[in-house]
Amino acid sequence: MTEIERAIEAEVRNRPPVHEPNHATTPTVSAPTMAMPDYVEHSAGATEIGKLSAEAVVREYEIAAKEIEVMGMELMDLVKQCETVTRNALGVTEELKETASRYREEAKRVFQQIENCSQVTAEVRNICNDLREKIAARNSTTKTD
């Protein structure tokens, strides 16, 4: 058993490490390739470090300004969507007014129909009462005769 362990140990020692550092692929950091904005220019007498620092800061501000402009464009898209929704809502509002008007007309028609039925029913009752009275009056005159 010890011979097998020694053979494995020797094999492990002879192998190259799995995570060997590769100095040829070390990542490098470079400055952004964005040009310096037109609204700034270096002043005479600024040091190289000052110029680089100022450029880095103005680039960050410019990136933020561009993102703000993009938000403005997105906001304008939302405004257009709101305008569309408003136009559609106004159209629907007109349809709703027309529907409400039709409902009122129908309510008026049903109201009048119910009242007419009520009047006809009252007239029928009156006629029936009149006929009953006439029949009763005739019956009373024929009984006395």
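The basis for the numbers below is simple: all heavy atoms, side chains too, and nothing from hydrogens, waters or symmetry mates.
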Asks: Go through the structure and list residues passing side chain to side chain donor-acceptor pair (under 3.5 Å) with Glu55, not counting sequence neighbours.
Replies: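 Per chain and number, Glu55 pairs via side chain to side chain donor-acceptor pair (under 3.5 Å) with His42, Arg59.
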Asks: Residues two or more places apart in sequence or in another chain: which of them pass side chain to side chain donor-acceptor pair (under 3.5 Å) with Thr121?
Replies: none
Asks: Using modelled atom types and a 3.5 Å cut-off, is there a donor and acceptor pairing between side-chain atoms of Ser101 and backbone atoms of Lys97?
Replies: no
Asks: Find the distance between OG1 (Thr93) and CG (Asn88) and round it off to the nearest 0.5 Å.
Replies: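 Here the rounded value is 10.5 Å.
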Asks: Kindly compute the distance separating CZ (Arg132) from CD1 (Ile127), expressed to the nearest 0.5 Å.
Replies: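 Spacing of CZ (Arg132) from CD1 (Ile127) equals 12.0 Å.
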Asks: Rounded to the nearest 0.5 Å, what separation is found between the CD atom of Glu133 and the OG atom of Ser140?
Replies: 11.5 Å
Asks: Is there a donor-acceptor contact under 3.5 Å from the side chain of Ser118 to the main chain of Ile114?
Replies: no
Asks: For Ile49, does the CD1 atom sit with more than 12 other heavy atoms under 6.0 Å from it, leaving out its own atoms?
Replies: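 Not buried by this count: 12 neighbours or fewer within 6.0 Å.
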Asks: Measuring only between side-chain heavy atoms, which start at C-beta, is Tyr39 closer than 4.5 Å to Glu62?
Replies: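 Yes, close enough: below the 4.5 Å cut-off.
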Asks: Heavy atoms, side chains only, cut-off 4.5 Å: are Val40 and Met36 in contact?
Replies: yes
Asks: Are Glu106 and Arg102 close enough, and set up right, to give a side chain to side chain contact (heavy atoms under 4.5 Å, CB included), and what steps lead you there?
Replies: CA-CA 6 Å; Glu106 181 65 12; Arg102 285 195 306 271; over 6 Å; no
Asks: Are Met73 and Val79 linked, directly or through other ILVMFWY residues, by side chains that come within less than 4.5 angstrom of each other?
Replies: no
Asks: From Lys80 NZ over to Leu75 CG, what is the distance, rounded to the nearest 0.5 angstrom?
Replies: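 Here the interatomic distance stands at 11.0 Å.
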Asks: More than 12 heavy atoms of other residues, nucleotides or ligands under 6.0 Å from NZ of Lys51: is that the case?
Replies: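 It does: Lys51 NZ has more than 12 such atoms within range.
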